[in-house]
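Taking it in order: structure first as structure tokens, then the write-up.
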2 protein chains.
Amino acid sequence: MNTAAPLRSRKAQIDRVATSLFRARGFAATSMRELATELGLEAGSLYSHIKSKEEILHRVCFGLAEEFFAAFAAATADTTAPIATQLRLAIEGHVRVLTRDSAASTVFLQEWRHLSEPARTDFLALRDRYEAAFRALVQQGIAAGELHAPDAAFVALTLLASLNWLPAWYRPDGKLTPDEIAHRLAEQLLGGLLVKD
Amino acid sequence: MNTAAPLRSRKAQIDRVATSLFRARGFAATSMRELATELGLEAGSLYSHIKSKEEILHRVCFGLAEEFFAAFAAATADTTAPIATQLRLAIEGHVRVLTRDSAASTVFLQEWRHLSEPARTDFLALRDRYEAAFRALVQQGIAAGELHAPDAAFVALTLLASLNWLPAWYRPDGKLTPDEIAHRLAEQLLGGLLVKD
DNA sequence: TATGCTTGCTAACGCTCGTTAGCAAGAAAA
DNA sequence: TTTTCTTGCTAACGAGCGTTAGCAAGCATA
């Protein structure tokens with residue numbers, strides 16, 4: 001009956017506000033008191049909902065990792081499709097995850113180093129696995145004669161690089177929709193790679 | 001006569017070590033005591049050479065900005081050259097600055113937000129000017145019919161994005177030299193943009 | 001009514017932070 | 001020799017940090 005009832009749990013609310021602060025100021029430069037103020041409560045009260053500051057970061061980083069893997073799996077589910085198509089879908093899926101929550105994406109991309117061990121090592125292993133999956137797809141594409149490039153690793157790296165800069169400039173209220181951005185990026189990045197008919 | 005004499009001034013030495021710490025841990029998470037220890041002295045002693053922690057960050061960020069502008073100016077000095085050539089030179093110049101000191105580059109790209117006003121605003125203005133220069137070059141290329149792309153701003157953004165991820169994975173002892181990387185990046189990124197003969 | 005969960009408060013803990021004051025030794029310049 | 005610059009130390013400052021203990025109000029469930 002309360003119209004001001006939280007749409008999400010308090011914990012999820014904390015995560016959301018913390019994520020946007022982490023994006024704006026960085027994890028280390030964001031204080032729990034600042035976060036509490038932003039939520040309209042006292043610093044100590046946060047600990048009724050969370051265990052530690054790092055726990056928030058952990059949830060954001062690993063949560064997003066899961067989303068990236070899910071998007072990639074969906075894009076490459078149809079193994080009978082041409083590699084170029086799978087790659088295009090993977091790019092578009094990656095962009096969709098990035099734009100769905102660009103604050104969380106920025107934290108995922110930039111703030112993971114503030115994870116302490118062993119989470120940090122685990123995270124890097126996940127990131128490496130993801131990059132390797134992209135690399136393997138490019139490799140297959142080259143082997144199948146669909147792509148031409150001297151070095152699959154190099155291509156995969158610059159591909160992800162172009163994509164991962166997106167949260168730095170993407171604005172949800174910009175003139176391009178996430179799907180348009182995704183499509184255009186895929187177009188432009190694959191343009192130089194596809195074997196011309 | 002002293003073989004252990006500092007190759008650079010103490011101040012420059014502090015800048016260098018601080019830059020590498022800023023890269024590894026981030027500006028906010030790097031303490032002056034940590035920096036001092038790394039240099040083999042006490043925290044208070046740093047202040048015989050520098051005015052503040054932020055002063056170091058300021059010098060790194062604005063110093064690198066200058067290098068980027070210089071490289072761009074050199075690449076586009078010959079205004080009679082085809083735009084595609086100028087763009088290729090600008091890309092290679094950008095990459096050369098990035099690889100010459102990848103620690104400083106990372107700080108330049110990631111840690112500028114810890115500058116306080118008005119330096120922060122000044123810095124962003126410089127960055128915008130640089131991006132605008134790249135954008136203008138792409139625009140000219142499209143107008144001259146040398147490049148085909150639907151949106152110069154989009155192209156410039158993704159171009160710089162691919163390049164700026166470089167410090168994240170570049171290793172000076174890797175198998176590719178900076179010049180090879182520069183050349184290959186220019187090739188790959190322009191591949192999809194150049195109008196085919 | 002009783003129980004327990006959610007939510008939040010106040011007050012404080014031990015610690016680290018960036019920075020400063022004051023002093024001193026050695027080298028270089030006068 | 002005197003002066004000045006460079007370099008570094010110790011000790012301490014005030015402030016902010018993440019986190020905890022203990023308590024309490026309100027609500028949902030039993």
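- Among B:Phe108, B:Tyr130, B:Phe68, the one residue that satisfies the ring pair (Phe, Tyr, Trp, His ring centres under 6.0 Å) test with B:Phe123 is B:Phe108.
- Between A:Ile50 atom CD1 and C:dG8 atom C1' the separation is 14 Å, expressed in whole Å.
- Rounded to whole Å, atom P of D:dG18 lies 12 Å from atom CG of A:Leu21.
- For A:Lys11 and B:Ala28, each mapped to the nucleotide of DNA chain C holding its nearest heavy atom, the one lying further toward the 5' end belongs to A:Lys11.
- Between D:dT7 and B:Ser45, no contact under 4.0 Å exists linking OP1 or OP2 to a side-chain N or O.
- Between B:Glu42 atom CD and D:dT6 atom P there is a gap of 22 Å when expressed in whole angstrom units.
- Of the candidate nucleotides D:dG8, D:dT19, C:dG18, D:dG8 has the atom nearest to the side chain of B:Ser48.
- As rounded to whole Å, 18 Å separates atom P of C:dT16 from atom CG of B:Leu35.
- Rounded to a whole Å, the NZ atom of B:Lys53 is 9 Å from the P atom of C:dC17.
- Between the P atom of C:dT20 and the NZ atom of B:Lys51 lies a distance of 11 Å, rounded to the nearest Å.
- The side chain of B:Ala43 lies closest to C:dT19, out of C:dT19, D:dT19, C:dC9.
- No more than 12 heavy-atom neighbours from other residues, nucleotides or ligands sit within 6.0 angstrom of CD on B:Glu66.
- Distances were taken from every side-chain heavy atom of B:Leu41 (C-beta onward) to each of D:dC17, D:dA12, D:dG8; the shortest belongs to D:dG8.
- For the pair B:Arg113 and B:Phe27, the cation-pi test (distance below 6.0 Å, angle within 45°) is failed.
- Nearest to the side-chain atoms of B:His49 among the listed nucleotides D:dT19, C:dG18, D:dG8 stands D:dG8.
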Side chain to side chain donor-acceptor pair (under 3.5 Å) between B:Thr177 and B:Asp179, intermediate numbers included: CA-CA 5 Å; B:Thr177 69; B:Asp179 278 347; 5.6 Å; no

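- When the C1' atom of D:dC17 is taken as reference, atom CG of A:Leu46 falls 14 Å away, rounded to whole Å.
- Taking atom CD of residue B:Gln13 and atom P of nucleotide D:dT6, one finds them 16 Å apart after rounding to whole Å.
- For the salt bridge (Lys or Arg N to Asp or Glu O under 4.0 Å) test, no residue two or more places apart in sequence or in another chain qualifies with A:Glu92.
- Checking the phosphate oxygens (OP1, OP2) of C:dG8, a side-chain nitrogen or oxygen of A:Arg10 falls inside 4.0 Å.
- Contact of A:Arg33 with D:dG16 (side chain to base): no donor-acceptor pair of N or O atoms is detected under 3.5 Å.
- The side chain of B:Ser31 places an N or O atom within less than 4.0 Å of a non-bridging phosphate oxygen (OP1 or OP2) of C:dC17.
- Checking the phosphate oxygens (OP1, OP2) of C:dT19, a side-chain nitrogen or oxygen of B:Tyr47 falls inside 4.0 Å.
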